[in-house]
Amino acid sequence: MKTFSLSRSTGAGSPEVAGFFDPKTFSVQYVVSDPVTGKCAIIDPVYDFDEKSGATASHHADELLDYVDEQGLEVQWILDTHPHADHFSAARYLKEKTGAPTAIGEKVVDVQQLWKKLYHWPDFPADGSQWDQLFADGDSFRIGELEVQVMFSPGHTLASITYVVGDAAFIHDTLFQPDFGTARADFPGGDAHQLWCSIQAILSLPDKTRLFTGHDYMPDGREPEWESTVHEQRSHNTHLVDVDMDEFVTMRDKRDRELPMPKLILHSLQVNIRGGQLPVPEANGKRYLKIPLDALEGAAWE
């Protein structure tokens, strides 16, 4: 199975994009680098968790660090596109290893407010202070000499953002590969209408913009893929071709009602709204997750 791919820079102002696929969670992590300066950002890193044994590990995050070291890169940013519902974020671990600042969209505070109630954490600071930087729509920053634009892309979650780096856009869980369609919008705070609007904004980027998605579910058993273009998505996405907004929202709502929740949603959100920080060890030295029962009312059963 293909678990790594390098998308080369297309010229001045264009990044090199290394994608790393995690078959366990179907997630894609990225190292986005400036060929001129060797500065890079890590996007949506995975911290390993085995729900059967409760074991945690840093195998996938260390794979990113090995790549960075082999290529002689310097990590300038550790970026999340949103609080993930299907894997733990390795942002805190990578910050400890590299010293690079962590960042996410500013609306993460709304997600924190929502989930602190579900977890009954009255004293939890839902202020985004778990990250070094909170980005707003329209903000810009740099990876080396590459300019990065931030787009607010809600719908899948309240806080989802897209990072546009030259001719590359990191579109997280909005669009998947054209043969799989679009992301679900039924998580707490999700909204199919907002998702449609976010997708249209992404598809307003230039046709040749490289789009890098957050997951791939390999329909019909094909090899994992995670790169497409705006033109390919407009022309071939199975959920979008010849579909208007109302049709999309109806389809998305119906489809989402039939989908079971991700198996790690209740595990991962309590880590990810902390910026990837694992629970503090208790008096016996062990860390514990808190799983609320019957919190996601109406969710489909497998």
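All residue numbers in this chain count up from 1 along the given sequence.
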Taking atom types as modelled and ignoring hydrogens, do the side chains of [X] and [Y] form a donor-acceptor contact shorter than 3.5 angstrom?
X: D80; Y: S89; value: yes
X: S33; Y: E16; value: no
X: T209; Y: D167; value: no
X: H59; Y: D48; value: no
X: E74; Y: Q76; value: no
X: Q277; Y: R92; value: yes
X: H84; Y: D44; value: yes

Within the supplied structure, the quantity of interest is the number of heavy atoms (other residues, nucleotides, ligands) at a distance under 6.0 Å from [X] [atom1]; does it exceed 12?
X: K2; atom1: NZ; value: yes
X: K107; atom1: NZ; value: no
X: K117; atom1: NZ; value: no
X: D220; atom1: CG; value: no

Which word best sums up how the rings of [X] and [Y] line up, parallel for under 30°, tilted for 30 to 60°, or perpendicular for over 60°?
X: F135; Y: Y163; result: perpendicular
X: H215; Y: Y217; result: parallel
X: F248; Y: W196; result: tilted
X: F170; Y: F212; result: parallel
X: Y119; Y: W115; result: tilted

Nearest heavy-atom contact between L266 and L296 is CD2-CD1, 4.0 Å

Value for CD (Q133) from CZ (F141), rounded to nearest 0.5 Å, stands at 8.5 Å

Indicate yes or no for a side-chain donor-acceptor contact from [X] to the backbone of [Y] under 3.5 Å, with no hydrogens or angles considered.
X: R252; Y: T182; result: yes
X: S58; Y: A61; result: no
X: D186; Y: A192; result: no
X: Q112; Y: I273; result: yes
X: S7; Y: V17; result: no
X: E147; Y: G13; result: no

- Less than 6.0 Å separating the ring centroids of Y67 and F20? yes

Requested in this report: Check step by step if side-chain hydrogen bond (donor to acceptor under 3.5 Å, both in side chains) holds for R210 and T10.
Outcome: CA-CA 10 Å; R210 294 175 287 164; T10 60; 4.9 Å; no

Checklist entry - Hey, mind stepping through H156 and T174 against side-chain contact (heavy atoms from CB on, under 4.5 Å) and telling me if it holds? => result CA-CA 7 Å; H156 176 65; T174 49; 5.5 Å; no

